[in-house]
Colleague: 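Just passing along the structure, written as structure tokens.
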Amino acid sequence: MRDIVQLVIRRLLLGLLTVLAVSLVIFGAVSMLPGDAAQEILGQAATPESLAALRLQLGLDQPAWLRYLHWLGGMVQGDFGTSIANGQQVSSLIGERLANTLFLAGLAAIIAVPVALVLGILAALYRNTLFDRAISALTLTAISFPEFFVAYILILFLSVNLGIFPSISNISPGTEFWERVYRSLLPAAALSLAVIAHIMRMTRAALVNLLGLPYIEMARLKGATPRRAVVVHALPNAVAPIVTVVALNLAYLITGVVIVETVFVYPGIGKLLVDSVSKRDLPVVQAVCLVTSLAYILLNLLADVVAIISDPRLMHPR
Amino acid sequence: MSRTLRLLRTMPPSALVGATVIVLYVLVAVFAPVIAPYPEREVVGAQYLEWSSEFPLGTDSLGRDMLSRLIYGARNTIAIAFLATTLAFVLGAVLGLLAAVLRGWVDQVLSRIVDVVMAIPGLIFILLLLSVFGTSITTLVLIIAILDSTRVFRLTRAVAFGIVALDYVEAARVRGEGILWVMRREILPNAMPPLVAEYGMRFCFVFLTIAALSFLGLGIQPPAADWGSMVRENATLITFGDITPLLPAAAIAALTVAVNFVVDWMLHLSSGLKE
């Protein structure tokens, strides 16, 4: 037990280090901007005086490392600066949209993870049958589709032809919970498809890998049914790879939302990011990038820790 | 030649279909000016015309022929994805081999840089860099190639690490061969099978990324015909139940499915067809 605690602490510290490095990379990338932010805001027609004044106001006259520390310090306290495009606080721009995005990603995960696990276990159970082959071809196809293709197909059938769901996810803070679920269901379905395919394929692969091992053969010889051999004997040992791929796919949801939110005009951070990139609103882009990286790193960390707890062999890498 | 034929005969149906589709796409891309009924960028009719004998797939939001743009789109979209993937491969493979051969601080520095870059969600990092450097084809290709090379680096390094430890590499070194020679003649040929399969997968990934960026209006810029932007430009038609805007998306999907089928078969081959 003490080993695990120690290991978790070590991983957490490593994660913190990664976050720091990532923030440095993000800040560095933005500092490579040809020209500078002041020029960007005021445009070509700006007078040298107004440029100098704005530079002073934005702190651009300070050296880069000082600006970095300042920016990082602000981030830690929840101050993400102000948007170039409309002068609003970035934190207030992001806050509500982040909640919307997490809601959408959560809904997609609630749909995707159980479906994928059940399909994966079934495919491993009935491996090399027609069912397995069909599922395998279907999931490979699903992985290959661009998200906007899936999204528009869903819109075409379910909202234009059948009129069951709205084609635009109109969500405001006042929207009731079930109404919110209903309006987010189509984007969530579009997001789930690729995630289901990935998790299902990994689940099947992890289980099939184990099925060749002697202890499974032993269980079968002892008289355990194929179902019992897969679910009771193989599954516990497949938890580590499955958890890893589930976490990776939840992390994927964070980037997947960018496209899906744009298609459904869903008010989340993905849509905000796209709008800000076309306006070159760097403070917003920077902040969204950092927030999503944070979520990404956290999920990977979580997967690591759960995998190690579920399979103590991983604690002592060969 | 006979070896290729024998290989073709052992292909499962899915891989055969995939290979055929890929060849078809390449032919369309190469002979686009011959096949397309109208030029890529010319306004030839009214906006959003329906399918007719004059315009087989109708016209787009500006009145350009949809079919011609679809055909030219193959050219632009595939060529750019191909360029970016190849660049990513050259960069990633060379650095990966270097890391495996030199080890020590070179390996440490490269690996840590790759770790950090990979800790940032890909599409979002690309969007950040695009907003800094602007959206031109050159920056697009460079950004995607550099970010994607991290994955090639990891794979090449892992594969090459196993090979470097083998006796024949040691023998070549003892013989006094230079690092470049060892990398090119001893390690690379033996690392090829997984790398080729990876090339297919990375191509799909890059292709889908560029399509996604173009769809967002941040990738390949108009007036060049490109499948991602064509979906975006004509998306309003979908709300009227018209499937025309879905055709470029279907074209993207069909190519990635085809490549994936072929890659799947290659992975089976290199893993010795187990299970």
Side-chain angles (χ1 to χ4, degrees), chain A residues 15 18-19 21-22 24-26 29-34 127-128 136-137 140-141 143-150 152-153 155-156 159-161 167 208-209 211-212 251-252 254-256 258-259 262-263 270 273-274 276-282 285-286 288-290 292-293 295-297 300, chain B residues 14 112-113 115-135 143 201 204 207-218 227-228 231-232 235 238-243 245-246 248-261 263-264 274-275:
Chain A
T18 318
V19 172
V22 164
L24 202 61
V25 168
I26 292 175
V30 172
S31 322
M32 283 192 286
L33 182 75
R127 60 191 173 285
N128 296 332
S136 155
L140 195 59
T141 312
I143 292 171
S144 316
F145 278 9
E147 285 119 344
F148 54 86
F149 187 41
V150 177
Y152 277 129
I153 290 178
I155 289 186
L156 184 66
S159 78
V160 177
N161 288 354
S167 67
V208 165
N209 259 343
L211 290 180
Y252 160 84
I254 299 169
T255 53
V258 174
I259 305 287
T262 307
V263 173
L273 179 64
V274 173
S276 307
V277 170
S278 27
K279 281 185 280 195
R280 302 188 77 173
D281 193 347
L282 283 170
V285 178
Q286 220 174 0
V288 172
C289 201
L290 194 69
T292 45
S293 305
Y296 204 70
I297 294 169
N300 277 315
Chain B
S14 63
R112 291 299 82 75
I113 292 174
D115 283 350
V116 172
V117 171
M118 285 180 79
I120 307 174
L123 186 63
I124 288 177
F125 199 21
I126 295 175
L127 286 174
L128 173 80
L129 292 176
L130 281 177
S131 62
V132 171
F133 295 109
T135 46
I143 288 172
M201 287 207 266
C204 283
F207 187 61
L208 285 176
T209 307
I210 292 179
L213 290 171
S214 301
F215 172 74
L216 296 173
L218 302 165
W227 292 337
V231 177
R232 163 198 167 83
I238 294 171
T239 42
F240 301 107
D242 188 343
I243 61 155
L246 288 181
I252 296 168
L255 181 61
T256 35
V257 171
V259 174
N260 265 327
F261 276 152
V263 167
D264 215 36
K274 65 176 172 207
E275 205 264 312

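Only this structure's heavy atoms are used, side chains among them; waters, hydrogens and symmetry mates stay out. The chains referred to below are lettered A, B, ... by the order of the sequence lines, with proteins before strands, and numbering in each begins at 1. On a predicted model such as this, the values are computed, not experimentally measured, just so you know.
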Colleague: Rounded at 0.5 Å granularity, tell me how far OG in A:Ser278 sits from CG in B:Leu127.
Modeller: 9.5 Å
Colleague: Could you have a look at B:Ala211, B:Ala253, B:Cys204, B:Pro245 and say which one has the most heavy-atom pairs with chain A under 4.5 angstrom?
Modeller: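 Top option by heavy-atom pairs under 4.5 Å: B:Ala253.
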Colleague: Please determine whether side-chain contact (heavy atoms from CB on, under 4.5 Å) holds for the pair B:Ile252 and A:Phe148, giving the CA-CA distance in whole Å, both sets of side-chain angles, and the decisive distance to 0.1 Å.
Modeller: CA-CA 11 Å; B:Ile252 296 168; A:Phe148 54 86; 3.9 Å; yes
Colleague: Does A:Phe149 have any ring-ring contact (aromatic ring centres under 6.0 Å, His included) partners at least two apart in sequence or in another chain, and if so, which?
Modeller: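 Result, ring-ring contact (aromatic ring centres under 6.0 Å, His included) vs A:Phe149: A:Phe145.
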Colleague: Hey, which of B:Leu129, B:Leu130, B:Val231 has the most heavy atom pairs under 4.5 Å with chain A?
Modeller: B:Val231
Colleague: Distance from A:Thr18 atom OG1 to B:Met118 atom CE, nearest 0.5 Å?
Modeller: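 If I round to the nearest 0.5 Å, the distance is 13.0 Å.
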Colleague: Looking at A:Leu156 and B:Ile238, what are the two nearest heavy atoms and their distance?
Modeller: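 Heavy atoms of A:Leu156 and B:Ile238 come nearest at CD1-O, 3.9 Å.
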Colleague: Hey, could you give me the CG/OG distance between B:Asp264 and A:Ser136, rounded to the nearest 0.5 Å?
Modeller: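 B:Asp264 CG to A:Ser136 OG: 6.0 Å, rounded to 0.5 Å.
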Colleague: By a 4.5 Å heavy-atom criterion (distance strictly below it), what part of A:Thr292 contacts chain B: side chain, backbone, both, or neither?
Modeller: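 Both backbone and side chain of A:Thr292 come within 4.5 Å of chain B.
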Colleague: Looking only at heavy atoms and a cut-off of under 4.5 Å, which of B:Leu216, B:Thr209, B:Leu123 has the most pairs with chain A?
Modeller: B:Leu216
Colleague: Give, for atom CG of A:Leu282 and atom CG of B:Leu128, the distance between the pair rounded to the nearest 0.5 Å.
Modeller: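 Rounded to the nearest 0.5 Å, the CG-CG separation comes to 7.5 Å.
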Colleague: Which answer fits B:Leu246, side chain, backbone, both or neither, if we ask what part of it has an atom under 4.5 Å from a heavy atom of chain A?
Modeller: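 B:Leu246 touches chain A through backbone and side-chain heavy atoms alike.
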Colleague: Using non-hydrogen atoms and a 4.5 Å limit, figure out which bit of A:Ile26 sits close to chain B: side chain, backbone, both or neither.
Modeller: both
Colleague: Of the backbone (N, CA, C, O) and the side chain (C-beta and beyond), which part of B:Ala254 lies under 4.5 Å from a heavy atom of chain A, both, or neither?
Modeller: neither
Colleague: Measuring heavy-atom distances to chain B, does A:Tyr296 have an atom under 4.5 Å in its side chain, in its backbone, in both, or in neither?
Modeller: side chain
Colleague: Most heavy-atom pairs under 4.5 angstrom with chain B, which of A:Val19, A:Val263, A:Thr262, A:Ile259?
Modeller: A:Ile259
Colleague: Listed by chain and number, what are the side-chain hydrogen bond (donor to acceptor under 3.5 Å, both in side chains) partners of A:Ser144, not counting sequence neighbours?
Modeller: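 With sequence neighbours excluded, A:Ser144 shows a side-chain hydrogen bond (donor to acceptor under 3.5 Å, both in side chains) to B:Asn260, given in chain and number order.
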Colleague: Rounded at 0.5 Å granularity, tell me how far CD1 in B:Ile124 sits from CD1 in A:Ile254.
Modeller: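 Atom-to-atom, B:Ile124:CD1 and A:Ile254:CD1 are 7.0 Å apart.
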Colleague: Can you check whether A:Ser293 reaches B:Pro121 side chain to side chain, under 4.5 Å on heavy atoms?
Modeller: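 Counting from C-beta outward, A:Ser293 and B:Pro121 do come under 4.5 Å.
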Colleague: Grab the two heavy atoms, one from A:Ala29 and one from B:Val132, that are nearest each other, plus how far apart they are.
Modeller: O-CG1, 3.5 Å
Colleague: In Å, rounded to the nearest 0.5 Å, how long is the span from OH of A:Tyr152 to CD1 of B:Ile243?
Modeller: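 Output value for this atom pair is 15.0 Å.
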